[in-house]
Amino acid sequence: MSPKNVIFKKMAKDKSVGVYMAKRDFVDRVDSVDPVDGVILVDPEVLKGKKAFVQLSCTFRYGRDDMDVMGIAFRREIYMAIRQVYPPMQDREQSTHTKMQGKLLRKLGDNAFPFFFEFPDNLPCSVGLQPGPKDSGKQCVVEFEVKAFSAESQEAKVRKRSTVHLMIRKLQYAPENSGTAPSGKTTREFVMSDKPLHLEASLDKEIYYHGEPINVCVDVTNSSNKNVKNIIVSVDQVATVVLYSNDSYVRAVALEESGDAVAAGASLKKVYTLTPLLICNRERRGIAVDGKLKHEDTNLASSSIVKEGVLKEVLGILVSYRVMVKLIIGGIMGSSEVGVELPLTLMHPKPDLASWKRRWCLRSSSAPT
């Protein structure tokens, strides 16, 4: 095999089975998903007549495994598929689907067997809610796993020493075609004022990449007799846990309280620039982040793109973003607000834009906390 090819491998403690995969990230293109393929290496002498299986699962976890209450586990299997790889159900040539599998089989020898899974098109992507600094245990997360094990049968009790787990991720990239740049406007009339206050806000595009600054154009025409005391612009993340409670968590992941004022009869047009970054939200509980492998770094969760007709209730955690522009209006009886909401999409570019992504990652990593 070419030295450029990276192979992920993991063996069971008793060496009965091992998993070999060429990648751990699988792309959801909405209308299709990368299949999960790899090779299982078995040791017939250690198996001693047992069978070898491989399993692909998608799990929604909303509590630690040791938090089971009255037999109710804080996890739910969204999807599970199991294949028997040894003894093989068909010959290796029929079971081999990719060139990488063929290379691995030639390298590993006669005791290696291919496996292949196709994702259903209604599964969520890898995403989790960030725990607080003092929280312990596993976070609320949607996670994917490839598991290989040896046992007398599929339903038999499996020993931990005969099991190997390899975490994988299901990801989405930004679509190539962007929609219309979002814009919005509102007019507020006040008692004892002959003329209204008018607010317009717009973005320069619909899709932004992680680490890219977001320019928000704000245009205020204050024909009223009220004073605008402050203009607040934020990028809000909305994470909705749709699987068990439909709870929504709204967090401002980038915020600017400008202090800009617009007196009665005056106007203001200004562009505010905000850059939502995980590094600036690292200690905040409930921030949705993209799935990660082991202890590697990640980023704010990408916007969820859902195929039409798919039931959202099975998608675990849905993530969206919006820009909020608020005017704080002074008054005798206290302050009031006038606001405009602009939806946006925040995602990674496709891999062919990797050089662009690296440039923004470097910029993001040097941002102040």
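The figures here come from the full heavy-atom set of this structure, side chains too, leaving out hydrogens, waters and symmetry mates.
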For atom [atom1] of [X], is the number of surrounding heavy atoms from other residues, nucleotides or ligands below 6.0 Å larger than 12?
{"X": "K51", "atom1": "NZ", "value": "no"}
{"X": "K13", "atom1": "NZ", "value": "no"}
{"X": "E118", "atom1": "CD", "value": "no"}

Between N215 and T273, is the side-chain hydrogen bond (donor to acceptor under 3.5 Å, both in side chains) condition met? List the steps. CA-CA 5 Å; N215 295 319; T273 301; 2.8 Å; yes
Is the shortest side-chain heavy-atom distance between [X] and [Y] below 4.5 Å?
{"X": "N227", "Y": "V262", "result": "no"}
{"X": "T163", "Y": "K147", "result": "yes"}
{"X": "L199", "Y": "K185", "result": "no"}
{"X": "Y321", "Y": "T345", "result": "no"}
{"X": "D219", "Y": "H198", "result": "no"}
{"X": "T298", "Y": "L278", "result": "yes"}
{"X": "L300", "Y": "V253", "result": "yes"}
{"X": "L197", "Y": "L327", "result": "yes"}

Between the side chain of [X] and the main-chain N/O of [Y], is any donor-acceptor distance below 3.5 Å?
{"X": "E45", "Y": "K48", "answer": "no"}
{"X": "R76", "Y": "F60", "answer": "no"}
{"X": "Q101", "Y": "D37", "answer": "no"}
{"X": "S193", "Y": "E189", "answer": "no"}
{"X": "S126", "Y": "K170", "answer": "yes"}
{"X": "N222", "Y": "A263", "answer": "yes"}
{"X": "K270", "Y": "C217", "answer": "no"}
{"X": "E337", "Y": "I329", "answer": "no"}
{"X": "Q130", "Y": "N281", "answer": "yes"}
{"X": "D34", "Y": "V27", "answer": "yes"}

Any side-chain donor-acceptor pair under 3.5 Å between [X] and [Y]?
{"X": "S267", "Y": "T221", "value": "no"}
{"X": "Y272", "Y": "E256", "value": "no"}
{"X": "S150", "Y": "S16", "value": "yes"}

Smallest separation among heavy atoms of V164 and A12, with atom names: CB-N, 4.0 Å
Please step through side-chain contact (heavy atoms from CB on, under 4.5 Å) for the pair I168 and D25, ending with a clear verdict. CA-CA 6 Å; I168 63 174; D25 288 343; over 6 Å; no
Apply side-chain contact (heavy atoms from CB on, under 4.5 Å) to residues S224 and K195 and explain how you reach the verdict. CA-CA 5 Å; S224 72; K195 296 181 179 181; 5.7 Å; no
Go through the steps for D236 and R322 under the test salt bridge (Lys or Arg N to Asp or Glu O under 4.0 Å), then give the verdict. CA-CA 5 Å; D236 293 351; R322 67 190 186 193; 3.4 Å; yes
Starting from the C-alpha separation in whole Å, work towards a yes-or-no answer on side-chain contact (heavy atoms from CB on, under 4.5 Å) for I78 and L123. CA-CA 8 Å; I78 299 176; L123 294 183; 3.9 Å; yes
Reported [atom1]-to-[atom2] distance for the pair [X] and [Y], which is rounded to 0.5 angstrom:
{"X": "I7", "Y": "M21", "atom1": "CD1", "atom2": "CE", "value": "10.0 Å"}
{"X": "M347", "Y": "Y209", "atom1": "CE", "atom2": "OH", "value": "10.0 Å"}
{"X": "L41", "Y": "K10", "atom1": "CG", "atom2": "NZ", "value": "16.0 Å"}
{"X": "E152", "Y": "K50", "atom1": "CD", "atom2": "NZ", "value": "5.0 Å"}
{"X": "S234", "Y": "E341", "atom1": "OG", "atom2": "CD", "value": "9.5 Å"}
{"X": "R251", "Y": "R285", "atom1": "CZ", "atom2": "CZ", "value": "9.0 Å"}

Please determine whether ring pair (Phe, Tyr, Trp, His ring centres under 6.0 Å) holds for the pair F119 and F144, giving the CA-CA distance in whole Å, both sets of side-chain angles, and the decisive distance to 0.1 Å. CA-CA 11 Å; F119 278 113; F144 292 83; 5.5 Å; yes
Hydrophobic clustering (ILVMFWY, side-chain heavy atoms < 4.5 Å, transitive) - are [Y] and [X] grouped together?
{"X": "I232", "Y": "V220", "value": "no"}
{"X": "L274", "Y": "I231", "value": "yes"}
{"X": "V238", "Y": "L344", "value": "no"}
{"X": "V228", "Y": "F190", "value": "yes"}
{"X": "Y79", "Y": "V33", "value": "yes"}

Do R24 and F8 meet the cation-pi criteria used here (NZ or CZ under 6.0 Å from the six-membered ring centre, within 45° of the axis)? yes
Kindly determine whether V216 and I214 satisfy side-chain contact (heavy atoms from CB on, under 4.5 Å), including the steps that lead there. CA-CA 6 Å; V216 186; I214 298 171; 4.2 Å; yes
Just to verify, what does F116 make a ring-ring contact (aromatic ring centres under 6.0 Å, His included) with, not counting sequence neighbours?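 ring-ring contact (aromatic ring centres under 6.0 Å, His included) check on F116 returns H97.
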Verdict with reasoning, S335 to K229, per side-chain hydrogen bond (donor to acceptor under 3.5 Å, both in side chains): CA-CA 9 Å; S335 299; K229 300 193 301 181; 2.9 Å; yes
Through direct or indirect side-chain contacts below 4.5 angstrom among Ile, Leu, Val, Met, Phe, Trp and Tyr, which residues connect to I82?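 Under the 4.5 Å side-chain rule, I82 groups with F53, M80, F149, V158.
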Are E77 and T59 close enough, and set up right, to give a side-chain hydrogen bond (donor to acceptor under 3.5 Å, both in side chains), and what steps lead you there? CA-CA 5 Å; E77 297 290 347; T59 303; 3.0 Å; yes
Stepwise, does the side-chain hydrogen bond (donor to acceptor under 3.5 Å, both in side chains) test hold for E212 with H210? CA-CA 6 Å; E212 183 180 6; H210 290 292; over 6 Å; no
